[in-house]
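Structure first, then comments.
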Amino acid sequence: MTAWLEIKDLKASVDDKDILNGLNMTVNEGEVHAVMGPNGAGKSTLFNVLCGNPHYRVTGGEVLFKGKNLLDMSVDERAHEGVFLAFQLPVEIPGISMATFMKYALNAGRRAKGMKDFDAVGYMKHVKVRSKALGVTDEMLKRPVNVGFSGGEKKRMEMFQMAVLEPSLCMVDEMDSGLDVDALKVVADAINVMRAADRSFMLISHNRRFLESVGVDKVHVLVKGKVVKTGGRDLLEELTSFAAYQEAE
Amino acid sequence: MADVSKTVSAPLYSDGAESIRAEAGRTAVVVDRAPAAKCSVVVEKGASLLHYRFCGGTDAAVDAVVEEGGKYEVLTLQTAGGNVGMTVSLAGSGASCRSDAVYVLSGGEKGSFVSKVAHNADDTVSSQLIKGAVAGTAEETFEGTVLIPPGHKGIDGAQQHRALLLSPTATVMAVPRLEIYSDDVKCAHGSAVGDLDEYQLYYLQTRGIGEEEAKKVLVGAFLNEVTDGIFDETLKAEFAKRIEAALPF
């Protein structure tokens with residue numbers, strides 16, 4: 001297995017407050033990693049820094065994705081390389097339908113690869129297979145992006161976008177929070193279906209059952225902006241509380 | 001609008017019209033791509049008039065009278081400087097008016113949209129949705145008066161104005177004004193001027209859409225709310241095309 005994502009001594013701050021304090025992590029091609037830790041440990045910050053969210057300032061360290069310097073790239077360039085974030089709180093965009101939004105996104109990615117835009121038929125084919133598989137109705141595709149969607153529907157739409165864009169690094173930020181059992185199954189199924197030898201996942205979650213149903217390969221515990229422990233899936237069993245790690249800090 | 005689309009086969013193009021009259025009981029659709037400095041409009045008893053105006057670079061005022069039970073819907077697009085005006089008198093009982101507008105200014109353009117809707121009869125209804133985007137060092141002034149003289153009942157008036165500033169040096173001056181001298185009145189108004197939502201912009205970029213295109217998509221989505229209701233697809237596309245051409249990116 002080759003290293004897909006290599007994070008070395010990553011430091012980042014927001015509003016002059018240090019959040020990541022020398023974080024190290026390696027995610028290999030095709031692996032599924034769980035990112036756990038207490039609130040405020042920097043889990044969501046890590047995902048946003050990897051995506052290039054301008055709100056966060058990188059103050060040190062290095063991130064290589066497929067051997068390329070990720071931190072030098074703009075947000076959309078990272079997406080073209082295959083980086084994807086499923087948002088914990090997806091943003092509402094009135095005035096543009098999900099179908100149109102995804103068309104812009106797909107074609108931007110195709111153009112970056114020197115390909116021609118999808119024609120209408122090719123696009124509909126690409127979308128329909130995925131919307132059907134994820135239980136996304138035509139009506140949901142016509143509605144403005146995330147407007148008036150329930151929490152479960154929003155997360156289903158995040159999974160749908162992930163399926164449409166076919167990224168190679170899927171970061172999934174607390175998809176399980178606030179979801180009932182059925183909605184949670186949609187998210188877990190989507191991840192399981194998309195698992196592939198050339199696609200890695202990083203999942204932020206507090207939900208052991210969710211992580212077990214997805215079948216994680218590795219578990220990282222983040223405390224105060226650092227990885228304090230990394231283990232296999234058996235670490236899930238041991239993690240009843242983060243208190244021990246916090247005290248060790 | 002749906003009922004109107006059944007009775008109207010095609011819009012009538014009447015560039016530079018100085019007077020428009022919708023005859024009693026009839027429905028008319030008029031598109032003006034080069035509005036005159038002054039245009040008188042009469043909507044006779046029970047008539048409906050849909051009036052679309054593409055303004056830019058010159059002054060263009062409308063002076064409209066809506067008679068009993070008449071319905072006047074006017075949509076103005078302003079894509080360059082100049083003074084655009086609108087005076088509507090709801091002169092007969094049951095008369096209604098919807099006077100929406102979109103403005104897009106860039107560079108050093110200076111423009112204004114001044115409207116005055118007078119409820120001069122009982123049971124009259126008016127609504128107004130104005131949305132704009134201003135870039136560069138451009139300046140727009142929106143002045144909207146809803147006048148309800150004494151002695152009228154059953155009045156319903158609504159006015160909304162929203163604008164996006166696309167550069168730190170762009171200016172929008174908004175003067176919404178309700179002048180209410182009657183008691184049995186329902187009136188609502190609001191005005192807000194702000195920047196593009198950074199979180200929305202980031203969300204689009206994480207899907208691979210470049211910054212410039214993402215801004216274009218978001219501003220388009222914002223302004224779309226006004227033009228979404230246009231029943232004629234060709235006309236709606238012309239609005240979209242002109243708006244896109246007027247945007248600075």
Side-chain angles (χ1 to χ4, degrees), chain A residues 47-56 73-98 100-113 117 142 144-147 154 157-158 160-162 164-167 169-171 173, chain B residues 75 77 100-104 129-133 160-164 166 168 190 192 194-230 233 236-237 239-244 246-247 249:
Chain A
F47 282 11
N48 276 287
V49 166
L50 294 178
C51 274
N53 187 332
H55 189 57
Y56 299 87
M73 299 179 202
S74 63
V75 178
D76 54 306
E77 284 168 349
R78 297 179 200 209
H80 300 155
E81 287 295 326
V83 174
F84 180 88
L85 173 61
F87 283 61
Q88 187 185 0
L89 299 169
V91 63
E92 296 186 0
I93 308 175
I96 177 168
S97 72
M98 182 57 80
T100 306
F101 174 40
M102 280 296 97
K103 197 171 177 178
Y104 278 115
L106 264 178
N107 284 335
R110 286 171 70 91
R111 270 177 248 147
K113 290 183 184 70
D117 283 9
K142 282 181 193 150
V145 177
N146 295 322
V147 177
K154 281 182 183 170
M157 293 315 263
E158 290 294 292
F160 167 70
Q161 292 178 50
M162 189 168 87
V164 167
L165 298 174
E166 303 180 308
L169 177 67
C170 307
M171 293 186 281
D173 191 353
Chain B
L75 175 49
L77 175 65
D100 296 347
V102 173
Y103 59 84
V104 181
L129 177 64
I130 314 282
K131 280 194 159 187
Q160 284 294 327
H161 169 252
R162 300 265 178 275
L164 285 177
L166 302 178
D195 302 328
L196 267 180
D197 186 309
E198 277 183 21
Y199 197 53
Q200 288 183 341
L201 195 58
Y202 170 59
Y203 190 70
L204 263 64
Q205 289 173 282
T206 64
R207 277 26 178 173
I209 303 170
E211 188 178 349
E212 293 291 283
E213 193 181 10
K215 282 183 181 170
K216 199 172 208 165
V217 170
L218 287 176
V219 176
F222 172 77
L223 300 176
N224 266 348
E225 191 190 346
V226 184
T227 56
D228 252 359
I230 299 173
E233 289 302 325
K236 189 148 91 176
F239 268 93
K241 211 172 111 189
R242 284 172 184 258
I243 288 171
E244 196 177 322
L247 288 171
F249 33 68

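Values in this document were obtained by computation on a predicted structure and should not be read as measured data. Order of the sequence lines sets the chain letters (A, B, ...), proteins ahead of strands, with each chain counted from 1.
Considering only residues two or more places apart in sequence or on other chains, A246(B) meets the side chain to side chain contact (heavy atoms under 4.5 Å, CB included) condition with T79(B), V104(B). The side chain to side chain contact (heavy atoms under 4.5 Å, CB included) check on A101(B) picks up T76(B), F113(B), I130(B), with sequence neighbours excluded.
Residues A108(A) and G208(B) share a closest heavy-atom pair of CB-O, 3.2 Å. Summarising the geometry of A221(B) relative to P94(A), their closest heavy-atom pair is CB-O, 3.4 Å, with the distance given to 0.1 Å.
With a 4.5 Å cut-off on non-hydrogen atoms, V83(A) touches chain B through its backbone but not through its side chain. Contacts of L165(A) with chain B are made by side-chain atoms alone, with heavy-atom separations under 4.5 Å and no backbone atom involved. Proximity to chain A (any heavy atom under 4.5 Å) is shown, for L204(B), by both the backbone and the side chain.
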Just list the donor-acceptor pairs under 3.5 angstrom between chain B and chain A, please.
residue : atom : partner : partner atom : Å
Q200(B) : NE2  : E92(A)  : O            : 2.9
Y202(B) : OH   : N48(A)  : OD1          : 2.7
Y203(B) : OH   : N146(A) : ND2          : 3.4
Y203(B) : OH   : E158(A) : OE2          : 2.4
Y203(B) : OH   : Q161(A) : NE2          : 3.0
R207(B) : NE   : Q161(A) : OE1          : 2.7
R207(B) : NH1  : L85(A)  : O            : 2.6
R207(B) : NH2  : L85(A)  : O            : 3.2
R207(B) : NH2  : E158(A) : OE1          : 2.8
R207(B) : NH2  : Q161(A) : OE1          : 3.3
G208(B) : O    : H80(A)  : NE2          : 2.7
N224(B) : ND2  : G95(A)  : O            : 3.3

